[in-house]
Amino acid sequence: MKSRFGCLLLAACLPLPAMALTGEEVMKQSQAAFLYPGKDFKARVTMKLIGKDGGERVRELVMLRKNFGAPGGEQKYFMVFFKPADVKDMSFMTNKYPAKDDDRWMFIPAVNMVKRIAAQDKRSSFVGSDFTYEDVSGRDIDDDTHVIEREEKLGGRDCYVVKSTPKTADADFGHKLTWVDKANFLPLKEDQFDRKNAAYKAFSADEVNTIKGHPTIIRRTMKNQQTGHRTEAAYANTDYDLGIEDSLFSERFLRQPPRKWIE
Amino acid sequence: MLARLVFAAALLSAPMLARAEVTFSGFLQQNTAFNSREANPDGRHHKWLEERAQLKLDASDGAWHLLAKGDLAWDHLGRQDQSELRELYVDYTASHWDARLGRQVITWGLGDLVFVNDVWAKDHEALFSGRPMEYLKRGVDALKLAAYPEFANFELVVSPHFRESRIPDARRFHLYDPMPTVTTRGTVKPGQGDLGLRVYRDIGGWDAALYLYRGFQRTPSMRPDSMTAPTRITYFHPQLSVYGASASGRVGEGVLSLEAARYDSRQDRSGNDFAVPNSQTRLLAGYQFQPIEDVSLGFQYYVEHMHQYDAYRAALPAGFPVDRRWSHTVTARWTQFFQHQTLRLSVYASYNDGNGDGFVTPELRYSFTDKIWGAVGANLYSGKPSGQFGQLKRDDNLYLQMRYEF
């Protein structure tokens with residue numbers, strides 16, 4: 001009697017094949033784990049833009065993010081640049097909405113001006129790096145169809161391999177494969193292919209740390225397979241649930257970012 | 001001299017600032033602009049030729065913040081007074097209000113090189129002689145108080161001493177002059193200060209703002225002592241009030257900007273004094289979008305309307321150029337990034353249908369490293385000799401900027 005009960009308990013804890021996730025559900029959970037953990041988030045991001053010849057440029061910024069809803073919902077991003085010198089003190093603010101173009105503002109310290117800027121091209125490069133705006137802050141799940149291609153191990157971790165194909169032709173990639181860690185749903189690897197099916201960009205999660213209970217990718221690389229150019233991003237001082245006020249996301253603080261958040 | 005004082009003060013206050021978090025930064029810069037068409041009125045061949053060093057000190061301690069930014073310049077064209085205090089201010093930040101006291105750059109409005117509500121001091125000469133963008137603005141000496149209650153944001157600017165915009169130097173630029181034979185000239189600056197109020201908030205996803213300004217025209221007007229036999233011309237800044245509004249929001253794939261202002265020429269509301277600019281309405285509509293990756297395209301349509309046009313025509317002395325009642329200007333800017341945004345091409349063009357005034361400024365800017373960038377560009381003018389840009393037709397120039405930042 002006792003052993004049968006134990007069996008039942010064990011069975012209840014195991015994912016049942018009949019309840020297997022769809023590709024879309026995997027990507028939704030992945031989005032929640034990758035881009036929505038915590039109520040808010042902060043990191044000091046250092047991006048190294050590395051050319052084929054090894055030449056290096058460094059972009060350094062503080063990134064703050066706050067959720068205004070459930071995973072997949074509205075978010076606000078606030079960024080302040082430190083490097084290179086000619087963009088120092090420049091700041092950016094993005095209001096990200098599901099299924100709608102973002103609102104984006106920038107502060108130009110040289111003329112002390114806040115400007116709303118067009119932001120429909122989410123596939124454009126983020127500060128000249130190999131990451132796009134969507135790679136940094138996420139792509140709408142509904143923009144693609146998602147199918148689980150297979151399940152396999154990557155670096156000793158069980159992964160779903162999800163194939164995502166854009167529903168419209170306005171993306172710069174034809175399709176992509178994402179290796180999603182079954183345990184924490186982080187994307188460990190992503191291979192993007194162009195519309196001619198040639199290898200295009202490759203993302204890898206190089207280091208994962210658990211911060212305040214949230215597994216977090218703190219080092220990542222995006223490499224353009226066609227040009228050989230790559231960008232390595234390191235997230236330092238990463239933290240969650242800091243109590244970032246709603247009022248931070250305003251023209252006032254875009255002009256004068258509060259020191260407590262950008263140190 | 002002023003800059004040196006600031007540097008000295010900054011160094012002396014360093015121990016007091018020991019508690020604060022202090023950073024130094026700055027740059028070394030070379031800036032050359034040479035004429036591509038004709039020599040200057042003074043016979044020189046450069047619009048600009050200088051080396052410049054800027055030192056910036058940033059100090060923060062709790063709610064306090066100090067910024068000092070000073071330039072030392074070595075001018076090769078005979079001006080010895082180009083060293084300047086660019087900005088020097090102290091900020092105090094409380095939870096729902098803040099204050100900034102000192103020399104500061106203030107920019108209002110939404111225009112791209114078109115100024116409707118940006119009533120604050122500018123340096124037009126900097127724009128026309130190929131200097132980096134930040135030199136387009138001059139600091140004003142003011143107290144800025146800002147309050148952020150729930151329903152709107154308020155910014156009040158009180159300046160005890162009016163600071164004028166800098167206009168191109170007649171030794172370097174071929175400026176239109178209706179009375180070239182009168183060489184005795186002087187400038188009278190307003191003895192008072194000026195003040196402005198900006199109120200802004202989000203309205204249904206649009207950034208909306210109201211602007212009020214009471215002060216003086218930033219660029220001077222000229223008055224001869226006699227119309228029949230003038231011997232002396234006095235430059236002065238007529239009284240001006242501006243009431244304006246702006247809104248910007250997402251429309252279609254881009255950002256639409258709308259701006260309007262009524263310029264109340266308080267010194268001559270009737271429009272009977274030809275030396276004082278007529279009261280005006282200024283309207284601006286701009287649209288900016290990204291047609292392809294790493295490209296931004298912006299268009300503007302700008303209108304000026306003179307309020308007392310009949311009086312203006314009646315008062316205008318014979319031989320003076322006649323402005324239109326309605327003036328229409330269109331502008332376009334193309335900005336494109338290459339090579340991971342280390343190379344930037346930008347072309348700005350402006351055209352006025354009334355006087356054929358045209359201004360084109362292409363620029364190519366490259367970051368050689370993360371600390372060194374250089375730019376090469378041109379300022380090209382066309383139009384009638386009395387127009388804002390047409391008068392500069394002989395002043396076309398090519399420019400180079402090179403900067404090392406630390």
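Letters go in sequence order (proteins before strands), and every chain restarts at 1.
A distance of 8.0 Å separates NE2 in His96(B) from CZ in Arg252(A), rounded to the nearest 0.5 Å.
Chain B forms the most heavy-atom pairs under 4.5 Å with one residue out of Arg116(A), Glu251(A), Lys260(A), and that residue is Arg116(A). The candidate from Ile106(B), Val105(B), Asp207(B) with the greatest count of non-hydrogen atom pairs under 4.5 Å with chain A is Asp207(B). Listed options Ser257(B), Pro132(B), Ser367(B), Gly205(B) were ranked by heavy-atom pairs under 4.5 angstrom with chain A; first place goes to Ser367(B). Interface summary for chain B: among Leu49(A), Val58(A), Thr132(A), the most heavy-atom pairs under 4.5 angstrom belong to Val58(A). The most heavy-atom pairs under 4.5 Å with chain A, out of Gly249(B), Ser25(B), Gly298(B), Gly109(B), come from Gly249(B). Chain A forms the most heavy-atom pairs under 4.5 Å with one residue out of Trp373(B), Tyr148(B), Phe337(B), and that residue is Tyr148(B). Per-residue counts of heavy-atom pairs under 4.5 Å with chain A were compared for Asp98(B), Asp118(B), Ile292(B), Leu136(B); the largest is that of Asp98(B). Per-residue heavy-atom pair counts under 4.5 Å with chain A were compared for Leu110(B), Asp58(B), Thr342(B), and the maximum is reached by Thr342(B).
Defined by atom type and a distance below 3.5 Å, a donor-acceptor pair is missing between the side-chain atoms of Asn95(A) and Glu74(A). Using modelled atom types and a 3.5 Å distance limit, the side chains of Thr94(A) and Asp102(A) yield no donor-acceptor pair. Using a 3.5 Å distance cut-off with no hydrogens or angles, the side chains of Gln104(B) and Asn112(A) do not pair a donor with an acceptor.
Taking the six-membered ring where the residue is Trp, Trp108(B) and Tyr211(B) present tilted rings, their angle falling between 30° and 60°. The aromatic rings of Phe126(A) and Phe81(A) sit tilted relative to each other, their planes meeting at an angle between 30° and 60°.
Residue His229(A) forms a side chain to side chain donor-acceptor pair (under 3.5 Å) with just one option from Asp130(A), Asn224(A), Asp53(A), and that option is Asp130(A).
With a 6.0 Å cutoff to the six-membered ring centre and a 45° limit on the axis angle, Arg220(A) counts as a cation-pi contact of Tyr235(A). With a 6.0 Å cutoff to the six-membered ring centre and a 45° limit on the axis angle, Lys66(A) counts as a cation-pi contact of Phe68(A).
Using a 4.5 Å cut-off between heavy atoms, Tyr287(B) does not touch chain A at all. There is no contact between Arg86(B) and chain A, counting heavy-atom distances below 4.5 Å. No part of Arg138(B) comes within reach of chain A, as not one of its non-hydrogen atoms sits under 4.5 angstrom from that chain. Proximity to chain B is limited to the side chain of Arg259(A), based on heavy atoms less than 4.5 angstrom apart. The contact between Ile108(A) and chain B is made entirely by side chain atoms (from C-beta outward), counting heavy-atom distances below 4.5 Å. Only the side chain of Lys137(B) comes within less than 4.5 Å of a heavy atom in chain A; its backbone stays farther off. Heavy atoms closer than 4.5 Å to chain A are found in the backbone of Trp206(B), but not in its side chain. With a 4.5 angstrom heavy-atom cutoff, Gln256(A) touches chain B only via side-chain atoms. Proximity to chain B is limited to the side chain of Asp89(A), based on heavy atoms less than 4.5 angstrom apart.
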Give the C-alpha distance, both sets of side-chain angles, the deciding distance and a yes or no for ring pair (Phe, Tyr, Trp, His ring centres under 6.0 Å) between Tyr240(A) and Phe41(A).
CA-CA 4 Å; Tyr240(A) 293 99; Phe41(A) 163 83; 5.4 Å; yes

Checking Asp71(B) against Gln54(B) for the side chain to side chain donor-acceptor pair (under 3.5 Å) test, could you report, in this order, the C-alpha distance in whole Å, the side-chain angles of both residues, the deciding distance, and whether it holds?
CA-CA 4 Å; Asp71(B) 281 18; Gln54(B) 179 171 96; 2.7 Å; yes

